[in-house]
Amino acid sequence: MTKKKLELHPDRLFPADEKVRGIARELFAAANQHPIISPHGHVPPEWLAEDIPFNDPVSMLLTPDHYTNRILHGTARVDLADLGVPVGTPMTEEQSRNAWRLFCKNWWAFRGTAVQFWFTSEFVDVFGVDIRPSEETADEIYDIINEQLKTDAFKPRALYKRFNISLLATTDDPASDLRYHKQLNEDPTWDGKVIPTFRPDAYIEPARPGFKALTEKLGEAADQDVSTYEGHVEAMRKIRRFFKKNGAVSSDHSHRDAGTARLSDREAADLYQQALAGKISVEDGDRLRRHMLNDQARLACEDGLVMTLHPAVFRNHDEAAFARLGADVGGDVPMATEFTAALQPMLTEYGNHENFQTVLFTMDQDVFQRELGPLAGYYPSVFVGAPWWFLDEPDAMRRYREQVTPYGTFYKTSGFIDDTRAFASIPARHDVARRMDAVYLARLVAEHRLALDEAQEIAEALVTTIPSTAFKLN
Amino acid sequence: MTKKKLELHPDRLFPADEKVRGIARELFAAANQHPIISPHGHVPPEWLAEDIPFNDPVSMLLTPDHYTNRILHGTARVDLADLGVPVGTPMTEEQSRNAWRLFCKNWWAFRGTAVQFWFTSEFVDVFGVDIRPSEETADEIYDIINEQLKTDAFKPRALYKRFNISLLATTDDPASDLRYHKQLNEDPTWDGKVIPTFRPDAYIEPARPGFKALTEKLGEAADQDVSTYEGHVEAMRKIRRFFKKNGAVSSDHSHRDAGTARLSDREAADLYQQALAGKISVEDGDRLRRHMLNDQARLACEDGLVMTLHPAVFRNHDEAAFARLGADVGGDVPMATEFTAALQPMLTEYGNHENFQTVLFTMDQDVFQRELGPLAGYYPSVFVGAPWWFLDEPDAMRRYREQVTPYGTFYKTSGFIDDTRAFASIPARHDVARRMDAVYLARLVAEHRLALDEAQEIAEALVTTIPSTAFKLN
Amino acid sequence: MTKKKLELHPDRLFPADEKVRGIARELFAAANQHPIISPHGHVPPEWLAEDIPFNDPVSMLLTPDHYTNRILHGTARVDLADLGVPVGTPMTEEQSRNAWRLFCKNWWAFRGTAVQFWFTSEFVDVFGVDIRPSEETADEIYDIINEQLKTDAFKPRALYKRFNISLLATTDDPASDLRYHKQLNEDPTWDGKVIPTFRPDAYIEPARPGFKALTEKLGEAADQDVSTYEGHVEAMRKIRRFFKKNGAVSSDHSHRDAGTARLSDREAADLYQQALAGKISVEDGDRLRRHMLNDQARLACEDGLVMTLHPAVFRNHDEAAFARLGADVGGDVPMATEFTAALQPMLTEYGNHENFQTVLFTMDQDVFQRELGPLAGYYPSVFVGAPWWFLDEPDAMRRYREQVTPYGTFYKTSGFIDDTRAFASIPARHDVARRMDAVYLARLVAEHRLALDEAQEIAEALVTTIPSTAFKLN
């Protein structure tokens, strides 16, 4: 067996053409002097609040990353349970090693994917591992990483510093007491920034089982009577304010469609009662949910939280896996979506409101050119979200810039969003975005479509003022 | 303050690779010796008939161009009213200068867009301005342009000559008397060619308010009783002939969908009466409209006018802006569209008719590969329209050629359409299309997919025989 | 007249950049040492069983290729009947020559298409013709090819050898006795491999005219009572086994949509009786068809035949051409399609079954990124089919790899499928796919996204183990 080298080329992702590569290198360097802004993601706040050491390579790098699980399951036919899924399943050292061996043995399955690219960055840059994973090298890599995880330099707060993160947003339930965010805010030894995000999805799906119980939980959290629809809105208003007070800048929403049509007050009140009684139809549940989403926008005009939307995923497509392992283990599949008509009721009402701002994400790249670019190009309040989930890889990023730039220009995009729970992959994910933006800009310069000084300004703005503007950071 | 140079590079839009760039340069030169054919656009015919001088830089360059307004509004948060919108609003010199300053100050908002590219061309090529717009340079640029507008060389007819336009089509209401077209035709001092286009959209939307009044207007224009559906068709027949007699080569149609299903004669007659009575439902209005569009195709088999279609835009998405400023101020947003099934009733009936010809445009690029290419590839009468509105920029043009060429080949496309009211931008828009076609062809040559002599023939055909064939010019 | 040379450049399709081209050349060479695997196509098995000589250039090269007919009809306005369509129409030598002249005279209409590329390969590589087709050269080329067709070296079996084909699948009716496949299997002088494919489409469209007669034919072929739905399923089970016994590895399915929702047993039984009585509605026919397709998947779990799907084509769009010339003469047009929700009932039930495997093809490229990649990435049983029909050309192949690789990786794709009846074009079609895969891989290497040794492994796997795995060949 020959041990193969794992290479992290300094010019990775840059085009072969030397002229364009040279420009890209320069633009990337300009961007890369700035810290990482991560205004949407899924890192648990307790990791940083408690500075809990990572236990082992698997629970740190594999289990929380459904991208990795998905490929191992779908391409290499690995059983998800053998990877420690769902997150939190206790694993013995032997189980952990075996999961790691499955990963390394099936390294071939990641060829050509962004996941392989991220791991390569993490291995080389974070852990100093330059050995290509394989069945033969699995244990050696495991040991190298494992040793380091025992040191202080690899605890979450140290990594946060080392990764040069300036802001990290988490995603939080409306009923959360945000204790870890408070703890971090009050900790004099902590000078990073971890902010919550208001994510009320489950509470505005009136036809789903458990709606009544969730509503009661919401009422309790808000200390608000929620027996009427008005009370429900008031509870939302209070909790949004509570989140904002604790640092939140945005609310996040993901439903089957992007509909925002309002009902009459009377109909909303009636359907709400049906929902509490568990008697609402699926269709009416969807209609009430669209009304509720419209009301979230109305509340956003009051409190100024930025509204991020990312509709149209078929959740838990594999019902058996969902029953056995729960949500978020890889069985979500994008569907075609529609924004233009769906958002019209919301945008025509709030789209020019100075306090309102919305960032539209998609898993369906078709809407970039057709709908999101044109909407962001017209409405001052609309931003096109960066390509994320299912689109957070180099070529999709290139297509995104090519399709959105003509309308929204760079200044109506969101900046990169890592959207991840895999903490150690955050720098690698931003690295890809920064490189691909540099590549796109370099092409514009090389083709005389943009002056070099303007490209440099944009490359820096994309990692500084542009996300700050889209997410109202400051 | 440093005054920055505005550069118009002779190799702009060409790829960085020297080998491909050299071929592109050669192919572009071959195309660029030919005059501009503009078979669809929105320049008011009176500008040329009366040779009305342009009043000032704003009313010439900014106000009529909803692309520009849209970006200033959506990205730079400029109030549309401050730009002189809607067209025709009287502006003082000071208001005009202020609008110009807003534009120059927000020049950054256009980075990476085709709009910036067009303005750069206009500034450098038309007005000899090579200063980059900015807050500081706004007045200087205004003055340079304004001075020139007072000279004869910048009156519409002089520019028409200078732009090397050989044909310019306008877009006209069926009730128009086409007086300006007649005036131009009868003017011995005018040797250009300005032709009308028959645009009956408003008259075939039976469920829209005002249908009865529009129908009566149509009847008067045609001197035809329109109390029955047959009479309505006869009025259309007469007016189409009147347009053709005055030079029209095409009719233009844009509705919410591309449907062309026929009704029975009896049902059409019934629904028509309901429409006149203002009692037709929205659904039935759509059904009657699709029947009426089918009848336009039937009439086209008689009179030979080419039928251009561009369905599926959500008009006036921002209702408040529409109420305040009217239509066409930027609040239109594309939607997903469907051609294959929608056009089948029309194409199966007239698609092989020797007199029938249709050019299919889209704002939704997804249909290029899936529907428009295959339809144009099969039906002798079908042409794929060039990428326009929302797609009239370099990268969309490249995607278009890549997606349509395999089916329709170059010879079933329309040639470039500028579709603009911004007269001074016409050469710049055609310049982009000619360059991007040269770039695409150069790649085919460099990859040994096309012989150089064939590429040269195509590059020239794309600006001569191909639009002439698609629009039956000659 | 100058006779122009027809060039088949050794670096055709490779990018201009010398560095990337060099890598592509190397990767292509690695792939190209392997024989052609063709697991889905339409070559009639009797051609090989009987080794029937090709009659003339037209019936060999033009008439069976609806791609060619389509372009000649749609772009060059040639009457399909003048090309010998439909297949099997007897042609005199003069008619054949005239068809050939029409083809050569209109060679310009193929510029930029894959069809021109295939013909160039066939002319130069198969027939040694390096003269560019034109009106003037038509007869000379006809004569050169015609002479060769009279020799043994151009009989089907000799070409099969010369083309270096290792496996060729045909497409067969469930009622077929597979006599030619048996004949080949029993022929000691034949050492190639020609296998049947089970294609039951017509038999599972309960609302189509003739369903009862087809069902009876199916029952006879299976020697099975089909008066109940259970009997129908049993007939399918038996015939699938018969196909498998005779070498089949897959079943192939193409309906208007990809729906697979099950009905209750009772409802299926009821609708089946309505269908046999010719009284089923179109909607119920679709519902029963989706249930039947689900049952095909259930049977696949038993017998292990791979299920290939390619839904969503509007068949025979031009009704007059269909009435005059029959199906498959070019009047099919793709439509938008949806897989995520449509396949969920099937995949959630069988998607993790070890015996089940499905390959999803599309004529609508939009689903590659949004649906097919994510589905193949998750389900071990799902493979993304190579770009074929309407997408089997260089740029679509590039887009396919760019959009699917991030999810499914190379190892969840199908390998190239030629899907053709035009026997002589098989090597040219595979040549394009091999070159474009090499070009894609070369870019990944040049951009440091994949190591060269891994790219070489993939380039070879794409023409060996990957199609073998997807189609269970071995």
Side-chain angles (χ1 to χ4, degrees), chain A residues 15-21 23 336-341 343-345 347-349 351-352 354 366-371 373-382 399 401-412 440-451 453-455 457-458 461, chain B residues 4-18 21 67 70-71 73-78 108-117 120 132 312-314 316-322 330-337 362-366 390-396 398-399 439:
Chain A
D17 184 280
E18 281 304 331
K19 192 163 54 177
V20 189
R21 178 172 286 202
I23 305 170
T337 184
E338 200 281 333
F339 286 89
T340 302
L343 295 183
Q344 198 269 342
L347 293 179
T348 197
E349 199 161 351
N352 294 301
E354 60 177 12
D366 288 0
V367 298
F368 283 133
Q369 176 272 316
R370 187 177 64 221
E371 305 179 34
L375 284 167
Y378 176 75
Y379 285 104
S381 61
V382 178
R399 292 195 296 271
R401 286 284 170 217
E402 288 176 3
Q403 304 205 0
V404 160
T405 306
Y407 312 108
T409 82
F410 301 100
Y411 298 94
K412 291 306 289 298
Y440 175 67
L441 287 163
R443 183 165 73 80
L444 295 189
V445 172
E447 295 176 357
H448 313 289
R449 295 164 64 176
L450 194 65
D453 68 303
E454 291 175 293
E457 265 186 53
I458 295 168
Chain B
K4 288 193 179 132
K5 200 171 149 61
L6 191 66
E7 197 199 15
L8 192 64
H9 198 284
D11 284 338
R12 61 195 180 276
L13 295 182
F14 294 162
D17 184 279
E18 282 303 331
R21 179 172 284 203
Y67 289 69
R70 189 177 179 114
I71 289 174
H73 173 256
T75 299
R77 292 182 173 256
V78 170
W108 59 270
F110 297 94
R111 287 173 179 171
T113 70
V115 179
Q116 192 179 63
F117 199 90
T120 302
R132 195 191 286 180
V313 170
F314 196 120
N316 310 307
H317 199 271
D318 178 352
E319 294 167 16
F322 176 58
D332 297 341
V333 185
M335 303 182 72
T337 185
T362 183
M363 275 72 74
D364 171 10
Q365 68 183 3
D366 289 0
F390 293 104
L391 289 168
D392 44 2
E393 56 85 36
D395 287 319
R398 180 177 47 72
R399 292 196 296 273
V439 169

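Note that the structure is predicted; figures quoted are calculated from it, not measured. The sequence lines fix the lettering, A, B, ..., with proteins before strands; numbering per chain opens at 1.
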> Is it the backbone or the side chain of B/Ala320 that comes under 4.5 Å from a heavy atom of chain A, or both, or neither?
Replying inline: backbone

> Is the B/Phe390 ring parallel, tilted or perpendicular to the A/Tyr407 ring (thresholds 30°, 60°)?
Replying inline: tilted

>> I need the residue from A/Ala451, A/Ala341, A/Gly351 with the largest number of non-hydrogen atom pairs under 4.5 Å to chain B.
In response: A/Ala341

> Rounded to the nearest 0.5 Å, how far apart are CD of B/Gln116 and OG1 of A/Thr409?
Replying inline: 10.0 Å

>> Check whether A/Thr340 reaches the backbone of B/Val333 with its side chain - one donor and one acceptor, N or O, closer than 3.5 Å.
In response: no

>> Can you tell me which of A/Gln344, A/Glu402, A/Glu371, A/Lys412 forms the most heavy-atom pairs within a distance under 4.5 Å of chain B?
In response: A/Gln344

>> Counting only non-hydrogen atoms closer than 4.5 Å, does A/Ala376 touch chain B with its backbone (N, CA, C, O), its side chain (CB onward), both, or neither?
In response: backbone

> Among A/Ala336, A/Ser381, A/Pro406, A/Gly373, who wins on heavy-atom pairs under 4.5 Å with chain B?
Replying inline: A/Pro406

> How far does OG1 of A/Thr348 sit from CZ of B/Phe322, to the nearest 0.5 angstrom?
Replying inline: 11.0 Å

> Relative to chain A, which of B/Arg111, B/Arg70, B/His9, B/Arg12 shows the most heavy atom pairs under 4.5 Å?
Replying inline: B/Arg111

> What is the minimum heavy-atom distance between A/Tyr378 and B/Ala321, and which atoms define it?
Replying inline: OH-CB, 3.3 Å

> Checking B/Glu319 against chain A: side chain, backbone, both or neither under 4.5 Å from a heavy atom?
Replying inline: both

> Measuring from A/Gln403:CD to B/Leu391:CG, what's the distance to the nearest 0.5 Å?
Replying inline: 9.5 Å

>> Report which part of B/Ala109 has an atom under 4.5 Å of a heavy atom belonging to chain A: side chain, backbone, both, or neither.
In response: backbone

> Quick one: of B/Phe14, B/Tyr67, B/Phe110, B/Phe117, who has the most non-hydrogen atom pairs under 4.5 Å with chain A?
Replying inline: B/Phe14

>> Is there a side-chain contact (heavy atoms from CB on, under 4.5 Å) between B/His73 and A/Asn352? Walk through the geometry before answering.
In response: CA-CA 10 Å; B/His73 173 256; A/Asn352 294 301; 3.5 Å; yes

> Between B/Ala76, B/Pro15, B/Pro394, which has the largest tally of heavy atom pairs under 4.5 Å with chain A?
Replying inline: B/Pro394

>> Treating A/Gln369 as the side-chain partner and B/Met363 as the backbone partner, does any N or O pair qualify as donor plus acceptor under 3.5 Å?
In response: yes

>> Taking every non-hydrogen pair under 4.5 Å, which of B/Arg77, B/Gln365, B/Arg398, B/Arg21 racks up the most with chain A?
In response: B/Gln365

>> For A/Asp366, which atoms come within 4.5 Å of any heavy atom of chain B: side chain, backbone, both, or neither?
In response: both

> By a 4.5 Å heavy-atom criterion (distance strictly below it), what part of B/Lys4 contacts chain A: side chain, backbone, both, or neither?
Replying inline: side chain

> Between B/Glu393 and A/Thr405, is a side-chain contact (heavy atoms from CB on, under 4.5 Å) present by the stated rule, with each step listed?
Replying inline: CA-CA 10 Å; B/Glu393 56 85 36; A/Thr405 306; over 6 Å; no

>> Which atoms of A/Glu338 are under 4.5 Å from chain B, going by heavy atoms: the side chain, the backbone, both sets, or neither?
In response: side chain

>> How long is the straight-line distance from OG1 of B/Thr120 back to CZ of A/Arg449, given to the nearest 0.5 Å?
In response: 12.0 Å

>> Please give me the minimum heavy-atom distance between A/Leu444 and B/Gly112, naming the atom from each residue.
In response: CD1-CA, 4.3 Å

> Less than 4.0 Å between a side-chain N and a carboxylate O, is that true for B/Glu18 and A/Lys19?
Replying inline: yes

> For A/Arg401, is it the side chain, the backbone, both, or neither that has a heavy atom closer than 4.5 Å to a heavy atom of chain B?
Replying inline: neither

